[in-house]
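None of the values given here were measured: they were computed from a predicted structure. Proteins get letters first, then strands, A, B, ... in listed order; numbering begins at 1 in each.
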2 protein chains.
Amino acid sequence: MEKSIDQLLKKSRLSVTESRVRILELFFSQPGALAHGDIEKKTGEKFDRVTVYRTLQVFLAKGIIHTIPTNDNSIRYALCREACEEGHHHDNHVHFVCNDCGSTTCLEEITIPVIKLPKGYASSQVEMIVSGTCRECKK
Amino acid sequence: MEKSIDQLLKKSRLSVTESRVRILELFFSQPGALAHGDIEKKTGEKFDRVTVYRTLQVFLAKGIIHTIPTNDNSIRYALCREACEEGHHHDNHVHFVCNDCGSTTCLEEITIPVIKLPKGYASSQVEMIVSGTCRECKK
DNA sequence: GTAACTGCAAAATATTTGCATCCTT
DNA sequence: AAGGATGCAAATATTTTGCAGTTAC
């Protein structure tokens, strides 16, 4: 694990620092998406709030993570898959937001259906967010 | 126009005040979605920032408008269609966000395709956001 | 050794709350 | 007249920026 995180950072021409490694570990350790606040808490407030902001911005710019739009104010971040490259995302999977526990999950197994846009529109990215009750909360 | 806005407010058991009427007129006067800042500007900063916040919250609660999730931080608001009722939205149309001019449009004519969720998930709402270049910017 | 990264302080923004006053019904 | 809505002030929360010290390479 350590190894692959190292490599991921190096591949993106970023230096391997403690905060970056810890935050990436966090993302790899769970299937869902994380909001800024989650990251602060789950790293035990070890890193400065500003460092978290900057780290997320760098990861975004390098195409390591992507944002997931949500109805409430909070932006969530999730790991990109292989296909993502710097400045060019291809996350054509569905995101699920649970209204009970608030967790956001990437439903990798579901592909977003292709829709036909009205004349004159060109699409570069499609997002699909399903909200409801997740597997855990439904039990 | 005046008339129907009046009726809309009355139907929602809200008193008819200048700010509410002006803000609703704004929504009706254009096809897209508006962010908080847009509303402040387009009303000529006539109303207190706090009033705009509170007005939007009330409209949301009454099911007059709904939020559109976006990748960037900004929440957009758009009018609900007939089918929306208090606390229960049915906006199963696609939203289009233009990366050039930043406008958000409701593509009423396109219905979100139904997808099959993995076992154990229950969906209450589905959002679909397409981003790219809109009709105006493509010209 | 140098460039990049971090933490602290502080600035800039955004959002919420309390309360007195004003407007709608 | 009574209740709700607004505006102002101020409290909170969120995000950004500058800079000096530290760390990775």
Side-chain angles (χ1 to χ4, degrees), chain A residues 2-26 33-62 64-65 67-77 86 102, chain B residues 2-26 33-62 64-65 67-77 86 102:
Chain A
E2 275 293 310
K3 265 285 149 51
S4 60
I5 285 179
D6 265 41
Q7 285 174 358
L8 176 53
L9 285 170
K10 277 171 184 157
K11 202 180 93 187
S12 302
R13 301 183 301 291
L14 294 173
S15 36
V16 180
T17 65
E18 199 192 344
S19 53
R20 286 176 181 167
V21 172
R22 281 291 293 112
I23 291 176
L24 275 184
E25 277 175 1
L26 238 186
L34 298 166
H36 178 108
D38 299 330
I39 295 167
E40 276 192 87
K41 275 174 226 142
K42 298 207 177 182
T43 49
E45 259 112 28
K46 190 174 187 306
F47 305 107
D48 194 275
R49 178 183 298 267
V50 176
T51 301
V52 176
Y53 276 113
R54 287 196 272 225
T55 304
L56 290 174
Q57 274 174 14
V58 169
F59 287 175
L60 265 184
K62 293 292 184 180
I64 297 173
I65 59 176
T67 58
I68 301 172
T70 48
N71 274 310
D72 54 9
N73 238 331
S74 65
I75 300 187
R76 304 297 175 102
Y77 301 87
E86 201 160 323
Chain B
E2 276 292 309
K3 265 285 150 48
S4 60
I5 285 179
D6 266 40
Q7 284 175 359
L8 177 52
L9 285 170
K10 277 171 185 158
K11 203 180 93 188
S12 303
R13 302 184 300 291
L14 294 173
S15 36
V16 180
T17 65
E18 198 192 342
S19 53
R20 286 177 181 165
V21 172
R22 280 291 293 113
I23 291 174
L24 275 184
E25 277 175 1
L26 238 185
L34 298 166
H36 178 107
D38 299 330
I39 295 167
E40 277 192 88
K41 273 173 227 141
K42 299 206 175 182
T43 49
E45 260 113 26
K46 189 173 187 308
F47 306 106
D48 195 275
R49 178 183 297 268
V50 176
T51 300
V52 176
Y53 277 114
R54 288 196 271 225
T55 304
L56 289 173
Q57 275 174 14
V58 169
F59 286 175
L60 265 185
K62 294 291 184 179
I64 297 173
I65 58 175
T67 58
I68 301 172
T70 47
N71 274 309
D72 54 9
N73 239 332
S74 66
I75 299 186
R76 304 296 175 103
Y77 302 87
E86 202 161 324

Mind checking [X] for me? I need base, sugar-phosphate or nothing, with any heavy atom below 4.0 Å counting as a touch.
X       : result
A/Arg20 : sugar-phosphate
B/Glu40 : nothing
B/Val58 : nothing

For [X] and [N], give me the distance from atom [atom1] to atom [atom2], rounded to whole Å.
X       : N     : atom1 : atom2 : value
B/Leu14 : D/dG3 : CG    : P     : 18 Å
B/Asp48 : D/dA9 : CG    : P     : 10 Å
B/Leu9  : D/dG4 : CG    : C1'   : 14 Å

When you measure from the side chain of [X], which nucleotide among [options] comes out closest?
X       : options               : answer
A/Thr17 : C/dT6, D/dT6, D/dA5   : C/dT6
B/Ser15 : D/dG4, C/dT17, D/dC25 : D/dG4
B/Val50 : D/dA5, C/dT17, D/dT6  : C/dT17
B/Arg54 : D/dT6, C/dT25, C/dT6  : D/dT6

(message) Donor-acceptor pair, distance only, cut-off 3.5 Å: does the side chain of A/Ser74 make one with the backbone of A/Thr70?
(response)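 Judged by distance alone, no pair lies under 3.5 Å.
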(request) Determine whether B/Val52 and B/Asp48 make a side-chain contact, defined as any pair of heavy atoms from C-beta on separated by less than 4.5 Å. (result) no
(message) Measuring to OP1 and OP2 of D/dT16, would you say a side-chain N or O of A/Gln57 lies under 4.0 angstrom away?
(response) yes
